[in-house]
Each structure stands twice: as structure tokens, then as C-alpha cells.
Amino acid sequence: MAMAASSTRMEIEKMSVEQLKGLKEQADMEVNLFQDSLNNIRTATSRLELASAALHDLSLRPQGKKMLVPLTASLYVPGTLDDAHNVLVDVGTGYFIQKTMAEGKDYCERKITLLKSNYDQLLEVATKKKSIADEAGAVLQAKLKHLAPTP
């Protein structure tokens, strides 16, 4: 790992000022994309955790219980719990699958585990890319300082 970092540093130091500027801009842009992806994964994970908690709460309610049903984030309508054993699970792109309560909870937990794994992998890549951007920026500043006329 240290050997790869030192060889990367040597390669960066051999680049021209224009190449360093391009490398830094590209790495910064990629870091921003990774940050957006990490935020999206975090949001999706929290939504699934809320869904899993809602399924648990729903499983504790008796059949025939009156409740408010969310149609959108801000619109709720009155409803009655008809079937406390089966749920519809949104599997994406407008498709829903009927599952038992246990299967629905299991689906949420598997998706949460997958998202957390993806988050960890993406975070590792983003950290490496950030270090490359920082290294390129440091070398660029050193070269620009060296090229600047001294009074």
C-alpha cells in the first residue's frame, strides 16, 4: 500500500502544471459524484430502516384498526387495517410484490445490508480519490510557487 502511494506520488510529481490542473479538476469532480452517491445511499438506507420499523409497528396492530394511510409525504387518508399478515413491497420501477410481514421485514433487512456494503466500498474509493486530488493540489501549489518569480 505504501509502495503504491509513493509510486503514485512520483508519477504526480513528473506531471506538468497543466496536467496537474486537469488531474485535480477531474479528481475533485469524481469526489463530488461519489459524495452525491454516498448521500443517496444514506437516504435510501434511512428510508428502508423507516419502512422496516413501520412494518414492525404494523405487525403489532390488530386487524380492523383504524389508521391514517399515507398517499404522499404530506397527504394522509383514513383507512382500516384489513390484513395484518400480508404487505405490498415496492421493489422498484412501480412494481409491488405481496409478501408476508416476515418476508417484508426480511426484504428490508437484506436491502439495508446490501446498501451498507455498497456504502463502505464506495467510501473507500472516494477516500482514495480524495487523497489523489489533495496530493495533486499540493504538488501543483509547490510547482506554481517554484515557478513564481521571487522578489
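Residue numbers count from 1 along this sequence. In what follows, every heavy atom counts, from backbone to side chain, and hydrogens, waters and symmetry copies are set aside.
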Flag, side chain of E103 to backbone of T100, donor-acceptor distance under 3.5 Å: yes

Closest non-hydrogen atom pair, G104 against V89: CA-CG2, 4.1 Å

Quick one: side chain to side chain donor-acceptor pair (under 3.5 Å) partners of Y119, sequence neighbours excluded? R42

Where is the tightest heavy-atom contact between L38 and A126, given as atom of each residue plus distance? CD1-CB, 4.4 Å

Ion pair K111/E49, N-O distance below 4.0 Å: no

Within a radius of less than 6.0 Å around NZ of K99, do more than 12 heavy atoms belonging to other residues, nucleotides or ligands occur? yes

Got a second to check how far K129's NZ is from L122's CG, nearest 0.5 Å? 12.0 Å

How many angstroms lie between CG in D28 and CD in Q35, if you round to the nearest 0.5 Å? 11.5 Å

Does any donor atom in the side chain of D36 or N39 lie under 3.5 Å from an acceptor atom in the other side chain? no

Between F34 and L115, is there a shared hydrophobic cluster once you connect ILVMFWY residues whose side-chain heavy atoms come closer than 4.5 Å? yes

Between CG on residue N118 and CG on residue L123, distance to nearest 0.5 Å: 12.0 Å

Can any side-chain N or O of K143 pair as donor or acceptor with the backbone N or O of M15 at less than 3.5 Å? yes

Separation of L140 CG from E25 CD (nearest 0.5 Å): 9.5 Å

Verify same cluster id: Y76, L58 (apolar side-chain graph, 4.5 Å): no

One thing to verify: whether R61 and D57 come together as a salt bridge, which I'm taking to mean a side-chain N less than 4.0 angstrom from a carboxylate O. yes

Can L20 and K24 be said to form a side-chain contact (heavy atoms from CB on, under 4.5 Å), step by step? CA-CA 6 Å; L20 284 170; K24 177 142 178 54; over 6 Å; no

Taking the side chain as every heavy atom from C-beta outward, state whether C108 and L55 have any pair of such atoms under 4.5 Å apart. yes

Using only atom types and a distance under 3.5 Å, with no angle test, would you say the side chain of Q98 pairs donor to acceptor with the backbone of L88? no

Can you name the residues that form a salt bridge (Lys or Arg N to Asp or Glu O under 4.0 Å) with R110, not counting sequence neighbours? D106

Taking atom CG of L50 and atom OG1 of T45, what is their separation to the nearest 0.5 Å? 11.0 Å

Any side-chain heavy atom of M67 sitting closer than 4.5 Å to one from L81? yes

Within the 4.5 Å heavy-atom criterion, are K128 and E124 side-chain neighbours or not? yes

What are the two closest non-hydrogen atoms of V17 and L144, and how far apart are they? CG1-CD2, 3.8 Å

Give a yes or no on whether a salt bridge exists between K105 and E109, defined as a side-chain N under 4.0 angstrom from a carboxylate O. no

Can you tell me how far CD of Q26 sits from CD1 of I132, rounded to the nearest 0.5 angstrom? 10.0 Å

Consider only side-chain heavy atoms of I, L, V, M, F, W and Y, link residues closer than 4.5 Å, and tell whether M101 and I97 are in one cluster. yes

Report whether V125 and V31 are members of the same hydrophobic cluster (ILVMFWY, side-chain heavy atoms less than 4.5 Å apart, transitive linking). no

Any donor-acceptor N/O pair, Q19 side chain to S16 backbone, under 3.5 Å: yes

When hydrophobic residues are tied together by side-chain contacts of less than 4.5 Å, even through go-betweens, does L75 share a cluster with V69? yes

